[in-house]
S.K.: 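My structure is below; once you've seen it, I'll send some questions.
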Amino acid sequence: MARIAFEQMDKRYPGAEGLAVDDLNLEINDGEFLVLVGPSGCGKTTALRCLAGLEDISGGQIIIGDRVVNDLPPKSRDIAMVFQSYALYPHMTVFENMAFSIRMRKRPKPEIDTKVREAAQILGLENLLDRKPGALSGGQRQRVALGRAIVRDPAAFLMDEPLSNLDAKLRVQTRAEIARLHQRLGTTIVYVTHDQVEAMTMGDRIAVMRDGVLQQVGTPKMLYEAPANRFVAGFIGSPAMNFLTGRVRTDGDRVSLALDGLDMPLSGRAAATARTRGNDSELVVGMRPEHFDAADSATDGTISVPATVEVVEFLGNEELIHANVAGNDVVALVPASRGMAVGDNVTLVISDSVVHAFDPTNDAVITVGEGRASPARVSGLTPN
Ligand SMILES: Nc1ncnc2c1ncn2[C@@H]1O[C@H](COP(=O)(O)OP(=O)(O)O)[C@@H](O)[C@H]1O
Ligand SMILES: [Mg+2]
């Protein structure tokens with residue numbers, strides 16, 4: 001097992017204008033499951049390939065265990081990589097595929113046999129060892145690819161979107177299998193995905209990247225509750241956070257956000273934050289769909305948002321509302337019992353303790369004050 005560290009690491013591809021990875025500083029603890037997440041092209045694969053030694057770095061250093069590995073070839077880094085494409089040898093059996101790398105290392109036959117059977121048992125592949133990849137399902141092939149990595153007993157596993165070729169159901173199942181595998185082996189895993197749900201469900205910690213730049217590192221809960229900027233706030237959480245841009249209005253004790261034709265009173269830390277910005281300053285507030293409810297009016301500690309329902313998506317227990325708020329599309333997830341209908345004029349309410357505020361000039365979070373209480377549903381109220 002090993003600690004891994006990127007220190008001021010840059011990667012520039014020959015001929016490319018910008019950096020694919022820009023000054024990456026990231027420490028991954030021994031035994032940790034770290035997920036690197038971000039939209040396509042943000043540099044996740046590049047960072048992982050640099051760590052694996054498949055790409056040279058352009059600056060800084062990479063440390064695995066106690067060694068700076070900048071100049072070490074991949075095979076000397078004691079890591080195993082699992083890719084999106086499994087690249088199994090089609091003419092070899094599952095056993096032979098899994099045994100391949102340790103056979104190359106000329107390990108004694110009984111040792112190879114034991115390791116392959118142990119890995120097969122962990123992954124539920126015992127009955128498939130004599131099959132060729134062509135006779136396996138996609139999920140089984142992906143497990144063989146994992147097994148091939150496990151038998152090498154590496155200090156760390158590096159996985160690049162290993163589930164993206166699987167259908168939705170199998171993805172959820174294999175996600176849980178990889179999580180169990182990590183619990184069982186305790187080996188450091190660096191896992192790359194563009195899927196924030198995978199990141200949230202699998203990672204001990206998540207590192208969010210954008211355009212080659214690391215945005216924030218933290219536990220799933222930290223990123224959800226206290227995103228550092230508008231990008232992380234919008235990327236983590238599904239459906240995505242709503243953002244409303246307006247001007248702060250202060251009038252004595254009263255603080256509000258002036259939107260197009262709507263003056264939205266603020267309270268709690270949202271009001272405190274707005275006040276620190278000053279009258280007439282521009283402010284972005286962020287509100288998560290699942291923190292809204294529909295009510296008759298605001299109560300203490302809530303902010304109310306008058307809205308017109310435009311689309312209702314029934315989800316069983318809840319319904320997803322697309323509503324018009326002063327010309328903005330706002331998404332809200334409310335209990336299905338609210339019985340919303342298209343055209344309804346409703347008041348959406350949200351606890352002021354879960355409203356985020358951002359600086360429109362640089363998208364940094366500026367929310368002041370404490371109180372990230374879990375949002376209490378306002379109960380017993382109906383749409384007006
Ligand atoms: N071999 C390469 N040569 C030149 N540019 C590349 C190469 N591989 C990736 N890039 C560029 O580097 C950036 C990061 O790519 P990548 O690491 O693959 O992103 P991600 O895995 O997050 O989708 C992108 O702009 C991509 O076009
Ligand atoms: Mg990639």
Side-chain angles (χ1 to χ4, degrees), residues 4-28 33-62 64 69-71 73-74 77 79-87 138 141-142 145-146 149 156-168 171 174-175 178 188-203 205-218 220 223 227-238 240 363:
I4 291 168
F6 294 89
E7 294 182 349
Q8 301 176 331
M9 195 212 93
D10 288 335
K11 171 62 185 178
R12 184 191 303 275
Y13 286 106
E17 236 176 67
L19 292 169
V21 176
D22 187 349
D23 193 28
L24 178 61
N25 287 287
L26 177 62
E27 192 169 334
I28 300 153
F33 197 133
L34 188 284
V35 180
L36 206 51
V37 72
S40 177
C42 72
K44 307 178 295 291
T45 294
T46 301
L48 206 65
R49 288 176 59 84
C50 289
L51 176 57
L54 301 170
E55 297 284 350
D56 291 332
I57 64 177
S58 317
Q61 56 184 17
I62 297 178
I64 301 177
V69 298
N70 293 13
D71 301 318
R77 295 193 183 195
I79 43 105
M81 196 140 170
V82 181
F83 298 97
Q84 174 179 347
S85 58
Y86 328 126
R141 276 182 224 158
Q142 187 53 279
L146 285 171
F157 293 105
L158 311 188
M159 304 190 183
D160 191 355
E161 314 243 8
L163 308 185
S164 40
N165 284 346
L166 305 180
D167 66 41
R171 209 156 46 221
T174 313
R175 193 165 87 192
I178 292 178
T188 311
I189 298 183
V190 185
Y191 185 103
V192 161
T193 178
H194 65 276
D195 179 350
Q196 66 91 23
V197 176
E198 253 174 50
M200 291 292 273
T201 52
M202 298 177 83
R205 283 190 310 153
I206 301 173
V208 183
M209 286 183 75
R210 178 198 198 184
D211 294 341
V213 180
L214 181 64
Q215 304 288 303
Q216 189 175 5
V217 189
L223 296 195
N229 59 38
R230 179 172 170 165
F231 176 78
V232 174
F235 191 79
I236 297 290
S238 177
D363 286 341

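Order of listing sets the numbers, starting from 1, for every ligand and every atom in it. Since the structure is predicted, the reported quantities are computational estimates derived from the model, not experimental observations.
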S.K.: So for ligand 1, is Ala20 a polar contact partner (N or O within less than 3.5 Å, distance only)?
M.R.: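 Ala20 vs ligand 1: no N/O contact under 3.5 Å.
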S.K.: Quick one: are Met81 and Leu54 in side-chain contact, heavy atoms under 4.5 Å?
M.R.: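 Yes, at least one pair of side-chain atoms sits under 4.5 Å.
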S.K.: Which heavy atom of the protein is the closest neighbour of atom 15 (O) of ligand 1, given with residue, atom name and distance?
M.R.: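 Atom 15 (O) of ligand 1 sits closest to the protein heavy atom Thr46 OG1, 3.8 Å.
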S.K.: Kindly identify the option in Glu55, Lys44, Lys11, Glu17 whose heavy atom sits closest to atom 22 (O) of ligand 1.
M.R.: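 That would be Lys44.
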S.K.: Note the single closest protein heavy atom to atom 21 (O) of ligand 1, along with its residue, its atom name and the distance in Å.
M.R.: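 Looking at atom 21 (O) of ligand 1, the protein heavy atom closest to it is Thr45 OG1, 2.8 Å.
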S.K.: Could you check whether atom 27 (O) of ligand 1 has a protein contact, counting only heavy atoms that fall below 4.0 angstrom?
M.R.: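 It does not; no protein heavy atom is within 4.0 Å.
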S.K.: Look at ligand 1 and say whether Gly43 reaches it with a heavy atom at a distance under 4.0 Å.
M.R.: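 A heavy atom of Gly43 does come that close to ligand 1.
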S.K.: Just to confirm my output: which protein heavy-atom neighbour is closest to atom 13 (C) of ligand 1, and how far is it?
M.R.: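 Here the closest protein heavy atom is Gly41 O, 3.7 Å.
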S.K.: For Asn165 and Gln142, does a side-chain donor sit closer than 3.5 Å to a side-chain acceptor?
M.R.: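 No - no donor-acceptor pair under 3.5 Å links their side chains.
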S.K.: Table please: side-chain donor-acceptor pairs of residues 16-23 below 3.5 Å, with sequence neighbours left out.
M.R.:
none

S.K.: So does Thr46 have any N/O/S atom less than 2.8 Å away from the Mg ion (ligand 2)?
M.R.: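 It does not: Thr46 brings no N, O or S atom closer than 2.8 Å to the Mg ion (ligand 2).
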S.K.: Which heavy atom of Met209 sits nearest a heavy atom of Phe231, and at what distance?
M.R.: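 That would be O-CE2, 3.8 Å.
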S.K.: Any idea which atoms of ligand 1 are less than 4.0 Å away from a heavy-atom of Cys42?
M.R.: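 This gives 19 (O), 20 (P), 22 (O) as the contact atoms.
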S.K.: What is the nearest protein non-hydrogen atom to atom 5 (N) of ligand 1, stated with its residue, atom name and distance?
M.R.: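 The closest heavy atom on the protein side is Tyr13 CD1, 3.3 Å.
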S.K.: Within less than 4.0 angstrom of ligand 1, does Ala16 place any heavy atom?
M.R.: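 Per 4.0 Å heavy-atom rule, Ala16 does not contact ligand 1.
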